Amino acid sequence: MSRLSWTKSIKAGRTLQSVLAYVALAVLMFWILFPFYWMVNSSFKPNHEIFDFPPTWLPKEFTIEHYKWALTNNRFIRPLLNSIQVALMTTAVATPLSALAAYAMARYPIPRKRALMGVLVATQMIPGVLLVIPLFITFTRLGIINKYSGLALGYSTFIFPYAVLQMRAFFANFPLELEDAAMIDGCTQLGAFLRVTLPLSIPGVVTVGLFAILIAWNDLLFSLILTSDINAMTVAVQLYNLSMSQFASTNWGVIIAEATIITLPVVILFVFLQKFLIQGLTAGAIKG
Amino acid sequence: MHKRVSILLLLVMVIPVLLSACGGAAPTVAPQPAATSAPETTAPEATKAPPAQPVKVIYLSAGTAEVEQDWNEKWVKAFNDSHPNIQIQYELVAWADLLTKVSAMIAGGNPPDIAWYAPSMIKEWYYGGLLEPLDDWLPQDIEELLPAIRDPSASDIIYDGKYYGMPFCLAGLGVIARKDIFAEAGYDTDDLMNWDWAKYKEIMAAVTKPDKNQYGLQFAFGEPRISGGKYWFLTNGLRDVTDFSNKEAYVEALQYSMDLFPYSPEAQLQWVHADTLTCYMNGVCSVAFQGSYFQGDIIRQAPEVMSNEGSAVLPYPIGPRMDDCMVPWYTVGWVMFQASRNKPEAAEVLHFLASREAVNEWPMNMAPKTEITLEDRVRASEFGEEVRWWLEDWYEMMEICKPAARPGYAPSNEINQIYTEVLLELYYGSITAEEAYEQLKAGIEPIVIAPGQ
Amino acid sequence: MPDDVLSVQGTPGTRRPSRFRLPGRQRKVLTGILLILPGLVLIALLIGYPFVFAVSLAFKDLYLVKGMDSATWIGLDNFRKFFADPSTKPIVLNTVRYVIFSLLTQFLVGLGLAVLLHREFKGRGIMRAAALIPWVMPTLVATIVWRFILDGSWGVLNYSLIGMGVLEKPINWLADRNVVWWSLIIVSLWRHFPFWYVNLLAGLQVIPEELYEVAKIDGASALKSFWYITLPLLRPVIVVLFLLETIWRSNEFTTIWTLTKGGPGKASMTMAPYVYQQSFSFYRVGYASAISLLLTMAMLVFTVIYIRRTQLEH
């Protein structure tokens with residue numbers, strides 16, 4: 001085989017490979033995005049069209065009535081605002097808390113560090129359903145039941161172990177020289193951390209922040225039990241009441257519109273911060 | 001309380017900041033004990049109550065449906081506005097979580113005062129010893145209840161001669177049928193007031209056209225409390241699915257359920273109540289098993305179906321062991337808990353709600369009170385004249401057919417699970433109706449709480 | 001002990017004079033402890049205490065209808081009941097099957113997508129982000145939409161498959177007890193693969209490009225370099241993902257409960273929803289605690305392996 005034809009066949013092989021790769025990618029992306037598309041599509045149809053057979057791939061009778069209904073209804077708006085507050089509070093508490101703890105785990109001579117790591121990992125193996133009732137009683141005794149601050153405290157606790165493990169790896173890989181330089185300038189170790197390490201660890205911190213938002217925004221198991229007052233209830237609970245409880249609504253348009261509304265914030269957040277997430281995971285990487 | 005949490009959070013955040021100073025600001029480490037004791041010292045000051053704070057009555061509502069949430073919000077506001085000394089704290093807890101939550105709240109030292117009950121739940125609560133008898137608190141309101149509700153042999157709220165529930169609605173159960181689908185198959189719903197199992201099966205067979213995705217009825221196994229085909233026990237002279245006193249009647253009911261399966265869409269096995277209504281609205285199903293409640297929910301979604309021209313209200317078709325039509329009924333209402341710390345105030349709330357004025361101003365379903373007429377209900381309904389036909393049909397049906405109390409059984413969820421699993425086996429043909437009876441008996445009898453117990 | 005800390009300590013002149021009386025090292029120990037303390041207090045309060053509480057319930061006969069105070073000590077009876085109950089075996093098998101199928105499918109799809117999106121091409125960024133959508137959607141929203149798509153009577157999936165001639169008659173994706181299982185796997189895969197994909201993608205980024213170039217010069221095919229370079233270097237990430245996901249999928253509750261409630265019958269019931277049903281529907285809280293304690297103990301095995309691995313690194 002001549003050199004030329006050899007490279008040619010390699011090239012042909014590569015092209016074929018590329019084509020196959022694109023086809024595979026297209027199929028996967030279709031499957032990934034279809035439910036999202038179907039949700040958005042249905043949310044703009046009037047109720048009778050949602051169940052039309054054959055289904056319409058785009059709304060035949062385009063309507064924004066469902067959105068109007070949802071966004072003017074206090075029973076949706078109030079929980080939506082609650083959820084936003086819970087998510088923000090969770091991030092605001094969990095991120096600094098776990099960043100500092102992770103830094104301590106990476107840099108400070110803490111006794112029994114291995115045992116501590118063990119505890120953090122062990123929290124991950126406890127099934128959430130086991131904790132629900134005891135947690136409800138604990139929350140009641142602490143007086144933080146039916147409060148979104150209580151919920152935020154709970155979520156911060158749940159995300160803390162994972163966040164620490166994630167960021168510890170991040171900080172442990174951080175070059176020491178830069179911190180040393182800052183300390184020569186008169187910073188404490190923590191000062192050096194805040195001024196030098198942290199600003200350069202933004203992807204890691206953003207990653208943990210995103211995880212915190214995700215857990216707070218998406219949880220149903222705990223919020224279902226820990227909040228029942230409309231003034232503290234998260235939007236997931238209210239959507240659950242509307243769509244899955246005993247006398248769930250048949251108002252499918254509104255259910256789907258609300259589902260779309262509560263999906264959008266997290267989707268937008270992740271689409272914009274996706275780069276940070278991948279960087280953060282790359283540097284920290286849950287490696288063995 | 002809220003402040004205490006905020007302070008705790010703040011402290012949690014401040015400690016690290018104190019620790020992390022650069023240059024001049026030396027790390028004056030706050031000693032940890034001082035830090036943790038701070039909330040205790042500051043919190044009481046911060047939350048020092050203004051004098052004469054209103055008493056808080058914790059009210060758990062299971063009314064998660066839209067109409068019910070509307071209803072709750074309206075009267076809670078009216079009550080709170082007119083009673084400066086009492087504030088109702090209204091909480092929304094889905095039926096499925098209600099009992100768990102009440103027990104956990106009591107254990108956590110924050111007992112609820114009043115809550116909704118449904119037939120099985122009040123039985124479970126009474127059995128658990130959680131309820132406060134209402135006779136002494138609300139004597140006059142009890143007097144005003146309908147005689148049927150005050151009948152101890154039929155009532156779901158009287159145990160050991162005492163009242164444990166204050167109903168706010170009376171719910172009848174029956175079938176709603178789509179007039180258009182029935183007519184297409186050659187049946188007039190006006191002739192069906194006295195239909196029996198055979199007739200019903202004949203119609204279901206006539207309307208079922210799987211190729212057109214059109215079926216007769218649905219069982220909705222995803223939520224067997226509401227449907228699941230258990231009505232055939234009632235319509236064959238049995239009390240409910242836990243009544244094993246007459247084996248033949250029971251087996252007949254099971255067999256009949258099985259015979260009807262081909263006329264129902266298979267997707268129903270995962271449906272919940274809302275799906276059955278969706279099915280009815282879409283015309284995939286020609287009937288829905290429905291209570292006298294929630295016409296509002298369908299009216300909003302499909303006004304043309306939910307009208308006198310679109311739908312007919314019918315009693316359940318009766319089985320071979322019954323002579324006359326019957327309408328099962330039950331009540332939903334309020335209970336007060338023994339653990340309540342504010343019983344007089346809780347009683348005041350219940351009294352406010354149970355008054356004829358309140359029942360009239362905030363109507364929910366059919367009235368449990370004497371002297372409240374159909375006209376009152378139509379006048380008070382948010383849909384006004386739109387619901388007249390519906391209420392008329394129900395009132396008329398309750399008059400023509402024998403009303404039969406349906407007090408519910410406990411522990412209902414466990415029994416429903418057993419029932420669903422056995423019926424699935426029956427459906428898939430792996431057991432006969434007789435074997436299903438034996439399995440149900442063996443599963444249910446050891447756990448069921450006997451009626452009146 | 002990470003040696004980086006020692007090296008900081010060992011560098012002369014890096015510490016400014018302390019106003020503390022504590023020697024430097026002890027001060028560092030104290031600071032370090034203070035930094036992790038708030039988190040640990042929260043864990044003790046909101047995970048530790050409830051966990052101990054729940055464990056104690058596992059040895060009691062608590063029927064919630066009778067109130068929390070009615071619990072009586074019954075030793076190991078709850079555990080005996082679990083092992084004697086004929087419905088235990090199918091549920092345990094379901095769980096094992098669910099975990100194995102979920103993990104394998106998620107790994108394959110996650111890895112495939114990570115490799116595809118690692119290549120340079122136009123629109124890569126937006127695709128990388130879009131692939132995260134299933135994972136960031138609230139679980140409840142995901143199951144509402146899937147219930148909608150999969151419904152046997154009016155779902156768009158049946159319609160499309162029949163329209164394309166793949167199916168002759170509709171399949172009851174959620175209502176047929178022989179099929180519901182596969183629907184569950186598909187939804188679980190859809191929902192959870194992005195976590196694999198994003199971590200594997202992150203893992204791919206740290207593999208030096210030179211390795212591939214050397215391989216190319218040596219005449220290795222793409223498949224070969226994937227097999228001999230990519231996979232071995234991703235191994236640590238893959239192992240940890242398998243361990244964590246085993247734990248998370250075994251404890252999976254919301255997806256299964258909101259999609260099928262474990263039904264029809266118990267056809268799609270796994271351990272976590274079963275625990276929930278025992279506790280929240282049947283009010284057998286003691287029994288439910290015992291089952292989840294067993295589940296926790298099973299997870300302990302994977303946790304210990306995980307801890308071993310993470311600590312071998314240091």
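This structure is a prediction, so every number in the text was calculated from the model and none was measured. Lettering of chains follows the sequences in order, A, B, ..., and the numbering in each one begins at 1.
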message: Heavy-atom cut-off 4.5 Å, strictly under: side chain, backbone, both or neither for A:L210 against chain C?
response: neither

field: C:F242, CZ: over 12 other non-hydrogen atoms inside 6.0 angstrom
entry: yes

- request: Identify which of C:I133, C:V285, C:T254 forms the greatest number of heavy-atom pairs closer than 4.5 Å to chain A.
  value: C:I133

Largest heavy-atom contact set with chain C, pairs under 4.5 Å, which of A:A259, A:A101, A:P35: A:P35

- request: Work out which heavy atom in C:R191 is nearest to a heavy atom in C:A142; give both atom names and the distance.
  value: CD-CB, 4.2 Å

- prompt: Among A:L33, A:T123, A:L221, A:L220, which has the most heavy-atom pairs under 4.5 Å with chain C?
  reply: A:L221

Region of C:L157 in contact with chain A, defined by heavy-atom distances below 4.5 Å: neither

message: Just checking C:R235: does its CZ atom have more than 12 heavy atoms from other residues, nucleotides or ligands closer to it than 6.0 angstrom?
response: no

- prompt: Heavy-atom distance under 4.5 Å to chain C: side chain of A:F139, backbone, both or neither?
  reply: side chain

message: Given heavy-atom pairs under 4.5 angstrom as the criterion, report whether the side chain, backbone, both or neither of C:F51 touches chain A.
response: both

field: Working for ring pair (Phe, Tyr, Trp, His ring centres under 6.0 Å), residues A:W38 and C:W146
entry: CA-CA 10 Å; A:W38 196 246; C:W146 274 105; over 10 Å; no

field: Which atoms of A:R112 approach chain C - backbone, side chain, both or neither, heavy atom under 4.5 Å
entry: neither

message: Does C:I126, at its CD1 atom, have more than 12 non-hydrogen atoms belonging to other residues, nucleotides or ligands within less than 6.0 Å?
response: no

Toward chain C, the part of A:L264 with a non-hydrogen atom under 4.5 Å: neither

Close side-chain approach of C:S279 and A:I133, heavy atoms under 4.5 Å: yes

statement: Looking only at C:E252, C:R128, C:M271, the option with the highest number of non-hydrogen pairs under 4.5 Å against chain A is C:R128

- prompt: Between A:A24 and chain C, which part of the residue has a heavy atom less than 4.5 Å away: side chain, backbone, both or neither?
  reply: both

Residue A:F36 versus chain C: region with a heavy atom under 4.5 Å: both

- prompt: Which atoms of C:S250 come close to chain A, meaning under 4.5 Å heavy atom to heavy atom: side chain ones, backbone ones, both, or neither?
  reply: neither

task: Can you tell which part of C:V239 gets under 4.5 Å to a heavy atom of chain A, answering side chain, backbone, both or neither?
output: neither

- prompt: What part of C:V29 gets closer than 4.5 Å to chain A, counting heavy atoms only: side chain, backbone, both or neither?
  reply: both

- prompt: How far apart are the closest heavy atoms of C:I144 and A:S243, and which atoms are they?
  reply: CD1-OG, 3.4 Å

- line: Whatever's closer than 4.5 Å to a heavy atom in chain A on C:F148 counts as side chain

- prompt: Which bit of A:I213 comes within less than 4.5 Å of chain C, counting heavy atoms only: side chain, backbone, both or neither?
  reply: neither

query: With ring centroids as reference points, do A:Y155 and A:F222 lie under 6.0 angstrom apart?
result: no

- request: Can you tell which part of A:W31 gets under 4.5 Å to a heavy atom of chain C, answering side chain, backbone, both or neither?
  value: both

Side chain / backbone / both / neither for C:L234 at chain A, heavy atoms under 4.5 Å: neither

task: Could you tell me if the ring centre of A:Y22 sits under 6.0 Å from that of C:F121?
output: yes

- prompt: Where does C:I247 contact chain A at under 4.5 Å (heavy atoms): side chain, backbone, both or neither?
  reply: side chain

query: Any side-chain heavy atom of C:L45 within less than 4.5 Å of one from A:L142?
result: yes

A:L165 versus chain C, the contacting section by heavy-atom distance below 4.5 Å: side chain

field: Portion of A:S98 that has a non-hydrogen atom of chain C nearer than 4.5 angstrom
entry: neither

statement: Looking only at A:W57, A:F136, A:W217, most heavy-atom pairs under 4.5 Å shared with chain C are made by A:W57

query: Under 4.5 Å between any side-chain heavy atoms of A:Q124 and C:M299, yes or no?
result: no

Residue that, paired with C:W135, satisfies ring pair (Phe, Tyr, Trp, His ring centres under 6.0 Å) out of C:F193, C:F195, C:W196: C:F195

message: Looking at chain C, which one of A:L25, A:V271, A:V235, A:L120 has the largest number of heavy-atom pairs inside 4.5 Å, strictly under?
response: A:L25

- prompt: So which part of A:T263 gets closer than 4.5 Å to some heavy atom of chain C, the side chain, the backbone, both or neither?
  reply: both

- prompt: Would a 4.5 Å heavy-atom cut-off, applied to side chains only, mark C:R147 and A:M244 as touching?
  reply: yes

query: Side chain, backbone, both or neither: which part of C:I43 has a heavy atom under 4.5 Å from chain A?
result: both

- request: May I ask you to name which of C:W154, C:Y159, C:Y276 has the most heavy-atom pairs under 4.5 Å with chain A?
  value: C:Y159

query: Of the backbone (N, CA, C, O) and the side chain (C-beta and beyond), which part of A:L224 lies under 4.5 Å from a heavy atom of chain C, both, or neither?
result: side chain

query: A:L214 versus chain C, heavy atoms under 4.5 Å apart: side chain, backbone, both or neither?
result: side chain

- request: Starting from the C-alpha separation in whole Å, work towards a yes-or-no answer on side chain to side chain contact (heavy atoms under 4.5 Å, CB included) for C:K28 and A:R107.
  value: CA-CA 10 Å; C:K28 290 205 91 161; A:R107 289 281 198 268; over 6 Å; no

task: Find the distance between OG (A:S83) and CG (A:L239) and round it off to the nearest 0.5 Å.
output: 10.5 Å

- request: Tell me, yes or no, whether the heavy-atom count around A:L20 atom CG, taken from other residues, nucleotides or ligands under 6.0 Å, exceeds 12.
  value: yes

- request: Give the member of C:W190, C:W257, C:F53 that has the highest number of heavy-atom pairs under 4.5 Å with chain A.
  value: C:W190

task: Tell me, for A:F211 versus chain C, whether the close heavy atoms (under 4.5 Å) come from the side chain, the backbone, both or neither.
output: side chain

- prompt: Would you say the side-chain atoms of C:S292 pair up with the backbone N or O of C:L295, donor to acceptor, closer than 3.5 Å?
  reply: no

- line: Of the listed C:V55, C:L113, C:V52, C:V115, the one with the largest count of heavy-atom pairs under 4.5 Å with chain A is C:L113

query: Donor-acceptor pair, A:D52 side chain versus A:P54 backbone, under 3.5 Å?
result: no

message: Counting heavy-atom pairs closer than 4.5 Å to chain A, which one of C:V109, C:I149, C:I291, C:T143 comes out on top?
response: C:I149

- request: Over 60° means perpendicular and under 30° means parallel, so classify the ring planes of A:F30 and A:F34, tilted if in between.
  value: tilted

Atom group of C:I47 that falls short of 4.5 Å from chain A, counting heavy atoms: both

